[in-house]
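Just so you know, ligand 1 is whichever comes first in the structure, and atom 1 is the first atom listed for that ligand. Residue numbers count from 1 along this sequence.
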Amino acid sequence: MPLTGLDIYKKLPKENCKECGVPTCLAFAMKVAGGKATLDECPRLDEQARDELGEASAPPQRLVKIGPDSDAIEVGQETVLFRHDERFHHPTAIALTISDAADPDALKGACNDFKELQFTRMGETTHLDMVALMNESGSEESMVQAAEIIQKELGVPMVLVSTDSQTLASVATGPLGSRRPLLYRKGEVTVEELTDLAQKAAAPLCVAGDIENVAETVAALSDKGVKDVVISPGGAETAETMTFLTVTRRAALKKKFRALGRPVLAVACGQDKMAAALDACAYVCKYAAIIITDIWDPHLLVPILTSRQNIYTDPQKPVQVEAKLYEIGEVIPQSPLLVTTNFSLSYYSVEAEVEASRVPARILAVDTEGTSVLTAWAADKFSPSTIAAALKSSGADEQVEHHTVVIPGHVAVIASQLVEDSSWKVLVGPKEASGIGPYLKNEWNIG
Ligand code: SF4
């Protein structure tokens, strides 16, 4: 039975010192009861009270760390079902499969390819997080050797997948000793064997199966002190995986059902890579903490990483760039000047098109509190007066000799007022960013 805020409050120091970042002990107790804070955040709580409150006050979904403390990937401890209620906290970790049956040169080649899989979008570089080392050789020796090579070449956290507990233990205590890989023991296995494996390897486990069996196993492991557990529907079909993801999240957060309060690992693999990529995108959006995938094609990885980038932003804070004058390429005083808002997506769309056009240009990002062109215009944040003020404060007045600014085609209606407010010449550019390249090459003309 989960503790109420009042149960927790009774055990707190009641000093209202605010060291936990909350104004009162009562408010802190309510946050703990709601799974939005942990007892560790109160430095004044004594050990006895901490023990008494114990598991009952733990967050509804456990935080699991994979990898060494200095470089660990954290998954779980999510607090809401819907992103707009607060935000999702720990982005889905993407683990790319590598087979231990590959020879050493092929393994090194795969590691080099892994390093190349980085993509920049909206000013942020996204990449893959982990390797899922698959014991396809069936040999303990091959698994140990492959782990050694990957650890040396990449050093990223790993998921080890095998049907043999001894093989997992050998890798986790051998080449990956102290690196806390996630141990995914496939196939029939007893609680005793899993407990033994977790204790020997001092690493987190993945428990896979249907929801009932997973809940029973997690509860039994918890009784034996093995709590760092990730749960999974294994290689189930898409619909079953989605059901597993949603049912377990609901059970943990709404019913406070501790046995299912664990981060979920989903598998998006198969011959049809396009279908696997679509699955992975759906799993990212619907609560997967880790995804194992065999997709190496960059064109299919980008949508998965983009889904993650979008879902794990704070919905209450528009993603924005600094409002200022940007120089793209080797600009001169006669280079074109385009104006847009400081909403990241707007700014980077314009920047990407200017870069692709190879016409050096300046971009003035006006502070619209991270809203897009039309939204900002409708809210009077991207208006003749705000643009005129930005032209002045950004230094554009001194740097742009021709005193001509190109505005987005969607706000052509503000052109004449902007001329009056700023004393600049105003040209109406294309409505969509995709038209910027042809515009700069064929139409930009201030003569
Ligand atoms: Fe109360 Fe502890 Fe928070 Fe201080 S840090 S206000 S004692 S809960």
Quiz item: Are any N, O or S atoms from C25 nearer to atom 4 (Fe) of ligand 1 than 2.8 Å?
Solution: no
Exercise. Give a yes-or-no answer on whether the side chains of E369 and Q320 include a donor-acceptor pair shorter than 3.5 Å.
Key: no
Exercise. Pull out every atom of ligand 1 sitting under 4.0 Å from any heavy atom of C17, numbered as shown with elements.
Key: 4 (Fe), 5 (S), 6 (S), 7 (S)
Quiz prompt | E432 vs H410 side-chain heavy atoms within contact, under 4.5 Å | solution = yes
Exercise. Give the residue, atom name and distance (to 0.1 Å) of the protein heavy atom nearest atom 8 (S) of ligand 1.
Key: F28 CD2, 3.4 Å
Exercise. Answer yes or no on whether R249 is positioned over the face of F257, meaning its NZ or CZ is under 6.0 Å from the six-membered ring centre and within 45° of the axis.
Key: no
Exercise. For ligand 1, note which part of N16 has a heavy atom under 4.0 Å away: side chain, backbone, both or neither.
Key: backbone
Quiz item: Hey, which atoms in ligand 1 end up nearer than 4.0 Å to a heavy atom of C20?
Solution: 3 (Fe), 5 (S), 6 (S), 8 (S)
Quiz prompt | Nearest-contact summary for atom 2 (Fe) of ligand 1 - protein heavy atom, Å | solution = C42 SG, 2.4 Å
Quiz item: When you check the gap from the basic side-chain N to the acidic O, do D228 and R180 get nearer than 4.0 Å?
Solution: yes
Practice problem: Have a look at ligand 1 and work out which part of K18, if any, has a heavy atom under 4.0 Å from it: side chain, backbone, both or neither. | Solution: backbone
Quiz item: Is there side-chain contact between I94 and T293, with heavy atoms separated by less than 4.5 Å?
Solution: yes
Self-check item: Atom pair NE2 (H127) and CG (L301), whose distance is rounded to the nearest 0.5 Å
Solution: 13.0 Å
